[in-house]
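Since we're looking at a predicted model, the values are computed, not measured. Remember, it's 1-based here, ligands and their atoms both numbered in the order they're listed.
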Amino acid sequence: MMTKLPSQPGPIGVFDSGYGGLTILQHFREILPQYDYIYLGDNARTPYGPRSFEVVYEFTLQAVNKLFEMGCHLVILACNTASAKALRNIQQKNLPHIDPNRRVLGIIRPTVEIVNEITKTKHVGVLGTAGTIQSQTYNIEIAKLYPDIVTVGEACPMWVPLVENSEYNQPGADYFVKKYVDNILCKDPQIDTLILGCTHYPLLAPKIKQFLPEGVRLLSQGQYVVKSLQDYLQRHPEMDEKCTKQGRCSFYTTESEAKFAIAASVFLKEKVDVHRITLE
Ligand code: DGL
């Protein structure tokens, strides 16, 4: 049985399995600095990419419930794996029971919506975790909106560990960056747009670009996700009223506070004050 949720306005919740969602949070704080945010990273159980549908759903639901208990009315799953494997179930099965007025939004739809404006060849590649690629969520969502676009996915299981271990800009990363880029372009040489379908990957973008042939563009999600959140809040003033606006941001992790603070400073280029919590 859930505890009674706070009814007063609260921060916007931003959730990721680890640090990746910080690349999305950065855009929120830049474009929508007036809002308050709570960032929650499930660092103790990251990565989610190789985990089963059931487990990602269970862990994500625990995180969403925790953010609701902490006062959020709106939670963004700043994680493609959680958006692919848990979002629909949470929206359809859980929210009506938890509180039909609270909202959970993902980051795949806003990314998919823009793709048609970017690709000229109408051949798009998606780079993501094994979970995101196996779920076929990008392929399904792109086909619904733009049936003429061909979508091919490539799971890049070594990329999240490279980022989580701060190896993303080291020479050792080159091998795995080139490998997955070559694989996807070999599957479909007509691809002109590669979606970075994992919030960890923007840190690898400079390296990925080194291995891209001319004419292939990288699509990073942050700018489109923030635009979509901005539109959402404008279209839903009732939700906007429930979001506090003092420009504050707090950070929570399920792992060690010290570890999070060091890694977060790599992503955000600032020192953060972080608290440890447990999810169950
Ligand atoms: N950052 C997450 C995403 O966008 C996944 C990382 C993980 O495997 O946990 O998919």
Side-chain angles (χ1 to χ4, degrees), residues 13-28 39-64 75-88 90 104-112 125-139 141 153-168 173 176-177 180 184 194-205 208 218-226 228-229 251-255 259-260 263-264 266-268 279:
V14 181
F15 170 69
D16 182 49
S17 61
Y19 304 114
L22 294 172
T23 63
I24 303 287
L25 178 71
Q26 244 175 336
H27 286 269
F28 290 169
Y39 183 87
L40 170 57
D42 191 6
N43 300 82
R45 304 189 293 193
T46 199
Y48 278 15
R51 293 189 188 274
S52 67
F53 177 91
E54 291 78 7
V55 170
V56 173
Y57 172 36
E58 182 189 320
F59 287 0
T60 306
L61 181 58
Q62 290 170 354
V64 165
V75 171
I76 312 296
L77 301 184
C79 174
N80 289 270
T81 312
S83 298
K85 291 188 154 189
L87 178 66
R88 185 176 298 235
I90 292 176
V104 180
L105 304 176
I107 57 173
I108 292 182
R109 182 76 187 200
T111 313
V112 162
V126 184
L127 301 163
T129 64
T132 300
I133 300 304
Q134 277 157 16
S135 76
Q136 296 267 311
T137 308
Y138 272 97
N139 308 55
E141 293 296 323
E154 174 73 15
C156 312
M158 291 304 290
W159 285 7
V160 168
L162 287 173
V163 173
E164 292 274 327
N165 292 292
S166 293
E167 291 288 336
Y168 60 91
F176 284 109
V177 169
Y180 300 137
I184 195 163
L194 281 177
I195 298 174
L196 292 182
C198 172
T199 52
H200 283 69
Y201 296 174
L203 273 87
L204 283 163
I208 298 171
L218 275 191
L219 195 164
S220 220
Q221 304 178 286
Q223 57 179 307
Y224 306 110
V225 173
V226 67
S228 162
L229 175 62
F251 296 87
Y252 292 84
T253 177
T254 54
E255 243 288 350
K259 261 165 83 176
F260 186 95
V266 173
F267 281 79
L268 296 175
L279 292 177

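- Residue-ligand proximity, Asp16 to ligand 1, at heavy-atom distances under 4.0 Å covers atoms 1 (N), 2 (C).
- Look at Gly18 and you'll find every heavy atom at least 4.0 Å from all atoms of ligand 1.
- Under a 4.0 Å criterion applied to the non-hydrogen atoms of Tyr48, ligand 1 contributes the atoms 7 (C), 8 (O), 9 (O).
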Next item on the list: Could you check Thr129 against Val160 for side-chain contact (heavy atoms from CB on, under 4.5 Å), going step by step and ending with a plain yes or no?
Entry: CA-CA 8 Å; Thr129 64; Val160 168; 4.2 Å; yes
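- Between Phe267 and His200, the angle of the ring planes goes over 60°, which puts this pair in the perpendicular group of the 30/60° scheme.
- Selection from Gln221, Arg45, His200 by nearest heavy atom to atom 1 (N) of ligand 1 gives His200.
- For the pair Gln221/Ile24, a side-chain contact is recorded, criterion being any heavy-atom separation below 4.5 Å from C-beta on.
- Atoms of ligand 1 found under 4.0 Å from any heavy atom of Val160, numbered from 1 in the order shown, are 6 (C).
- Proximity of Leu279 to Arg45: side-chain heavy atoms (C-beta onward) are separated by under 4.5 Å at one or more points.
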Note to self: For a side chain to side chain donor-acceptor pair (under 3.5 Å) check, start with the C-alpha distance between Asp42 and Gln62, then their side-chain angles and the critical distance, and finish with the verdict.
What the structure shows: CA-CA 10 Å; Asp42 191 6; Gln62 290 170 354; over 6 Å; no
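- The nearest protein atom to atom 3 (C) of ligand 1, hydrogens excluded, is given as Asn80 N, 3.2 Å; this is a heavy-atom distance.
- Using modelled atom types, one side-chain atom of Thr254 and one backbone atom of Asn43 make a donor-acceptor pair closer than 3.5 Å.
- The ring of Tyr48 has its center closer than 6.0 angstrom to the ring center of Phe59.
- At a heavy-atom distance under 4.0 Å, atoms from both the backbone and the side chain of Cys198 approach ligand 1.
- Contact atoms of ligand 1 toward Thr199: 1 (N), 2 (C), 3 (C), 4 (O) (distance under 4.0 Å to a heavy atom of the residue).
- Close approach of ligand 1 to Ser17 is summarised as follows: ligand atoms under 4.0 Å from at least one heavy atom of the residue are 5 (C), 6 (C), 7 (C), 9 (O).
- Among all non-hydrogen protein atoms, the one lying nearest atom 10 (O) of ligand 1 is Thr81 OG1, 2.7 Å.
- Of all the heavy atoms of Thr129, the ones lying under 4.0 Å from any atom of ligand 1 belong exclusively to the side chain.
- By heavy-atom distance, the residue among Ala130, Gly49, Cys156, Gly21 lying nearest atom 8 (O) of ligand 1 is Gly49.
- Between Phe260 and Tyr19, the angle of the ring planes lies from 30° to 60°, which puts this pair in the tilted group.
- Looking at Thr46 against ligand 1, only its side chain comes within 4.0 Å, counting heavy atoms.
- By the 4.5 Å heavy-atom criterion applied to side chains, Tyr180 and Ile208 are not counted as neighbours.
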